[in-house]
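Atoms considered below: every heavy atom in the structure, side chains included; atoms not considered: hydrogens, waters and symmetry mates.
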Amino acid sequence: MIITILAFVIVFGILVFVHEFGHFIVAKKSGIMVREFSIGMGPKIFFYRHNQTTYTIRILPLGGYVRMAGIADNDSQELDPGTPVTLKFNEQNEVILINTSQKQKTLDGLPLEVSNVDLEHELFIEGYQDNNEEVKRFKVNHDALMVEHDGTKVQIAPEDVQFQNAPVFKKLLTNAAGIVNNVILAIVAFTILTFMQGGVASNQNTVTLIQGHSVARDAGIKNGDRIIQVDNQKTNNWNELSSAIQARPNQKLTLLVKRDGQVKMIKLITESQKNNGKKYGLIGIGNTVDSSFTTKLLSGFTRTWNMTKQLVSELAYMVSGHFSLNDLGGPVAIYASTSQATKLGLQGVVYFIAFLSINLAIMNLIPIPVLDGGKILMNIIEAVRRKPTSEKVETIVTLIGFAFLVVLMLLVTINDIQRYFIH
């Protein structure tokens, strides 16, 4: 269980880190301020500032986030009237630090009770000093820092560095960057996996016998044979062949096998293997492997493309009226699948990372407002209209999308618990 939990944290952490790093790097290149890049969730245990960004490590090692200026972040810059703060100044008498934290007190700063503040447009802070009834106004430096209530030090976000004020094509690239990074991760993971496996399994119906016990070997099948028919079903490639055999657990089969230009008829009885509560037929064969360096090097692209086509096809099948919660999986399903992947060793974990990364990329392309696909759609609409959608409309649409995802996730999680832990 400890190994499974550790693998789950590592796999989930890699996926989220790579996804969020895509948003982070493109936002920085686009002139959008990233106020915080967090690994983990919950209370912080460490933070470090560099080039206007605060890098934090938080206590729960699940997920992470990129906190871009202007995205669900404005509230953190609003200080309610009566809030006690401490100010520090530069030589030009501009505020360079606003400390709102009681955990990290600034002893040499100026205490102030806030009455009004604007950290986006006019950049000022007003308040009462030493119980004086006179309101004092101080200019805030464009690059001033704020110590938040939990002690995290972040930079303020004036309007010129906020996400919503960036050109629309930069916003679109920033929103798409997480998806692109997940695709890149899948390509890299599949490439590594292929080198670990020694080559790429071909899609031909030419077979190789597995080591050890093999029903096919006992029935007279040899390495290099081509199985061209299973019962009355023609098998032109490996996918058709494996599907035909897997669909017939513990059954008598008649195979047509082509060897040296001659066709032989071979009869056998399949064995079965259980996976996720379902039985699959097997006869102890594998497909041939291409071990050339070029093939291995390009395998990341080909395997990623093939899996993408398969997942898109399955998604289209679901949307066409064949939807089932069993076709979806949340954190519980990921944990259960991680347990199975770890039993296959490092190769199983690497494959699982590639599989999940492509899943995450495709799911994020769905045009639901909370997801990247929904944000990209809003960017496209903005580009066509040549003006952004009103903040009110965008908020309503986002809330509806968020509510939909929360309900769906609850249903999926309940279904996953019943599938994997309640028998």
Side-chain angles (χ1 to χ4, degrees), residues 1-19 21-22 61 178-214 216-217 223-224 237-239 241-243 245-246 273-276 280 282-312 314 329 333-363:
M1 180 178 289
I2 294 176
I3 294 176
T4 299
I5 293 173
L6 183 61
F8 174 76
V9 170
I10 291 173
V11 168
F12 203 78
I14 290 173
L15 289 173
V16 175
F17 173 81
V18 168
H19 182 90
F21 186 73
I179 297 171
V180 173
N181 258 26
N182 280 126
V183 174
I184 293 173
L185 173 61
I187 292 171
V188 172
F190 271 134
T191 303
I192 293 172
L193 179 62
T194 300
F195 275 91
M196 293 172 68
Q197 293 174 332
V200 179
S202 73
N203 194 32
Q204 297 178 0
N205 54 2
T206 303
V207 304
T208 301
L209 300 173
I210 66 169
Q211 297 295 321
H213 171 66
S214 168
R217 180 186 289 110
N223 288 328
N237 52 54
W238 176 259
N239 289 337
L241 173 59
S242 61
S243 296
I245 292 174
Q246 288 176 2
Q273 185 176 49
K274 200 171 184 179
N275 189 13
N276 289 336
Y280 296 91
L282 68 160
I283 62 173
I285 60 172
N287 46 352
T288 55
V289 174
D290 186 344
S291 58
S292 68
F293 181 78
T294 302
T295 300
K296 288 190 286 188
L297 199 60
L298 295 175
S299 64
F301 297 93
T302 55
R303 295 179 75 168
T304 298
W305 174 243
N306 289 335
M307 179 164 286
T308 300
K309 289 192 295 183
Q310 179 182 344
L311 291 173
V312 170
E314 292 175 0
I334 294 175
Y335 175 82
S337 299
T338 302
S339 177
Q340 295 177 3
T342 53
K343 293 177 183 178
L344 300 175
L346 184 58
Q347 290 188 21
V349 174
V350 173
Y351 174 84
F352 193 49
I353 289 174
F355 173 76
L356 284 181
S357 197
I358 286 296
N359 269 271
L360 186 59
I362 292 172
M363 293 304 293

At what distance, to the nearest 0.5 angstrom, does OG1 of Thr302 lie from NZ of Lys296?
-> 13.5 Å
CG of Leu297 to OG of Ser292: how many Å apart, nearest 0.5 Å?
-> 10.0 Å
Working to the nearest 0.5 Å, report the span between CG of Leu298 and CZ of Phe293.
-> 9.5 Å
Do any N or O atoms from the side chain of Ser214 and from the backbone of Ile210 form a donor-acceptor pair under 3.5 angstrom?
-> no
Enter the distance from Thr208:OG1 to Ile285:CD1 here, rounded to the nearest 0.5 Å.
-> 9.0 Å
Between the side chain of Arg217 and the main-chain N/O of Gly212, is any donor-acceptor distance below 3.5 Å?
-> yes
With a 4.5 Å limit on heavy-atom distance, are the side chains of Ile10 and Val349 in contact?
-> no
Apply side chain to side chain contact (heavy atoms under 4.5 Å, CB included) to Phe21 and list each qualifying residue two or more places apart in sequence or on a separate chain.
-> Phe17, Phe24, Ile25, Phe37, Asn181
Could you give the side-chain donor-acceptor pairs of residues 356-363 under 3.5 Å, partners two or more places apart or in another chain?
| from | atom 1 | to | atom 2 | distance (Å) |
| --- | --- | --- | --- | --- |
| Ser357 | OG | Asn182 | O | 2.6 |
| Ser357 | OG | Asn182 | ND2 | 3.3 |
| Asn359 | ND2 | Phe355 | O | 2.8 |

Residues Val207, Trp238; criterion side chain to side chain contact (heavy atoms under 4.5 Å, CB included); working and verdict = CA-CA 8 Å; Val207 304; Trp238 176 259; 4.0 Å; yes
CD1 on Ile179 to CD1 on Ile184, rounded to 0.5 Å = 12.0 Å
For residues Ser291 and Gly198, report the shortest heavy-atom separation together with the two atoms involved.
-> CB-O, 3.1 Å
What side-chain donor-acceptor pairs closer than 3.5 Å can you find for residues 187-195, not counting sequence neighbours?
| from | atom 1 | to | atom 2 | distance (Å) |
| --- | --- | --- | --- | --- |
| Thr191 | OG1 | Ile187 | O | 2.7 |
| Thr191 | OG1 | Gly300 | N | 3.4 |
| Thr194 | OG1 | Phe190 | O | 2.9 |
| Thr194 | OG1 | Ser299 | OG | 2.8 |
| Thr194 | OG1 | Arg303 | NH1 | 3.0 |

Spacing of CD1 belonging to Ile353 relative to CD1 belonging to Ile14, to within rounding of 0.5 Å | 4.0 Å
